[in-house]
2 protein chains.
Amino acid sequence: MGTKVSKSGDDATEVRRKEIVDAAASLFASKGIASTTMRDIAAHIGKTPGILYYHFKSKDDLLLAVHQRAEDWGEEIFASANKTDRDPWHNLEEASISHLQALLGRPDYAAIVGGRMPPKGTELRRNLVNIRDRWEQVFRDLIDKLPLKSDEDKKFLRMALLGALNHSAVWYRPDKDDPDVIAKQIVDLIRYRMSP
Amino acid sequence: MGTKVSKSGDDATEVRRKEIVDAAASLFASKGIASTTMRDIAAHIGKTPGILYYHFKSKDDLLLAVHQRAEDWGEEIFASANKTDRDPWHNLEEASISHLQALLGRPDYAAIVGGRMPPKGTELRRNLVNIRDRWEQVFRDLIDKLPLKSDEDKKFLRMALLGALNHSAVWYRPDKDDPDVIAKQIVDLIRYRMSP
DNA sequence: GTCTATAAGAAGATAGAC
DNA sequence: GTCTATCTTCTTATAGAC
């Protein structure tokens, strides 16, 4: 929806674009955006920098594509969490699990959640803020449905939950920890406190 | 201890170094390390880049100085939290408050906590990891004294707590929120769950 | 101590060959 | 579509004047 404006559905082109976005997302997440060069990205798929400028207008444009894909993921999470339509705490737990699976397994998603923002006033920044806001909205909606006293409680819970979840990317070890277990533990930590 | 090796205690020099570290820390925290240039730092104190290379060997050296100052802060927090020697949950709360005050009010501290690590294998990285480990030790020690069942619980609690605390830097608004209140709320969120 | 000037290199981006 | 070659700009860092 609204993502494909140009490049009229060429298949090979789409595959190549996806490959580039994958590489960029992976490097952005691991080295940081500013420290990742176009040469790095091209080398990562065994190509030269020229190819990047055939498929994307600029580095900012490429970064934007990474964000857009992460946003799509956010919407999927939202949809699946709402589909179940059970008790709201259970839905939040489901979304947290999906969120953590994506964060720990998908570099593009991790790049968004952990990445720093570009300077204020730039066009890129406005775009990214919009995307990130819509993404946070997923959790805002889920938490709104919880039986809590005040809006202040809700805001605070959202921040603490996202903070604890996102921080797991720092200490997570693929072969030792399980994203599902981590997410459940974190939600439980808060759940029984807020609604015993 | 072990910090002043060269520059035999010259007073004016120390003041200047401190001013530079302040500026660097502030910019590192707000724009990110890679996006902050030596020109930025010099301009921030109304000077030219040359001055930085008189007081520091390189950008990495300057970054290291920022980390070292943040580490000192960590040790101070640790000392003050241990001095009270009351119930361990209370000590943890005190440390969390100090931590958040520093995180939200001191750019050098924020630069460390939020900053990305340099590439593996570099000398700088080894230095920073050492410093960050010692800093995390502050919380590890405090949490070790809590009456919890398993070591797994302790590790998990430490990660969730630090995640929730550090994430507040993202949404904190100086004129609306109070660091002390935020820290207390976050500790309470976990405290009553783990030891009712 | 701090400045100016500048070297040496890296990064984003483009042009044109293939 | 992709590569090579290159331009321009920006960055770290140094040298030497003051």
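Residue numbers start from 1 in every chain, and the chains themselves are labelled A, B, ... in the order their sequence lines are given, proteins ahead of strands.
Counting non-hydrogen atoms of neighbouring residues, nucleotides and ligands closer than 6.0 angstrom, the NZ atom of Lys184(B) reaches no more than 12 such neighbours.
As rounded to whole Å, 14 Å separates atom P of dT12(D) from atom CG of Asp61(B). Distance Leu52(A) CG to dT4(D) P: 14 Å, rounded to the nearest Å. Across the protein-nucleic acid pair, Lys47(B) atom NZ and dT4(C) atom C1' stand 15 Å apart, rounded to whole Å. As a whole-Å value, the separation of Leu62(A) CG from dA11(C) C1' is 15 Å. Rounded to a whole Å, the CZ atom of Arg17(A) is 16 Å from the C1' atom of dT2(D). Atom P of nucleotide dT4(D) and atom CD1 of Ile51(A) are separated by 12 Å, given to the nearest angstrom. Following rounding to the nearest Å, Ile41(B) (CD1) and dT12(D) (C1') show an atom-to-atom distance of 11 Å. Atom CZ of Phe56(B) and atom P of dT2(C) are 12 Å apart (whole Å).
Across every non-hydrogen atom of Val66(A) and Ala111(A), the tightest pair is CG1-CB, 4.4 Å. Minimum interatomic distance between Leu100(B) and Ala183(B) (heavy atoms only, all atoms of both residues): CD2-N, 3.6 Å.
Residue contacts for Ser35(B): at a heavy-atom cut-off of 4.0 Å it reaches no nucleic acid atom on any strand shown. Using a 4.0 Å heavy-atom cutoff across all strands shown, Thr37(B) reaches sugar-phosphate atoms only and no base atom.
Residues satisfying the side-chain contact (heavy atoms from CB on, under 4.5 Å) criterion with Arg39(B), sequence neighbours excluded, are Thr37(B), Pro49(B).
Salt bridge Asp22(A)/Lys18(A): present, at least one basic N to carboxylate O contact under 4.0 Å. One finds a salt bridge joining Asp188(A) and Arg191(A) here, because a Lys/Arg side-chain nitrogen approaches an Asp/Glu carboxylate oxygen to under 4.0 Å.
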Polar-atom pairs under 3.5 Å, protein N or O versus N or O of nucleotides 13-17 of chain C: list them with distances, or write none.
residue, atom, partner, partner atom, Å
dA13(C), OP2, Tyr53(A), OH, 3.2
dA13(C), OP2, Lys59(A), N, 2.9

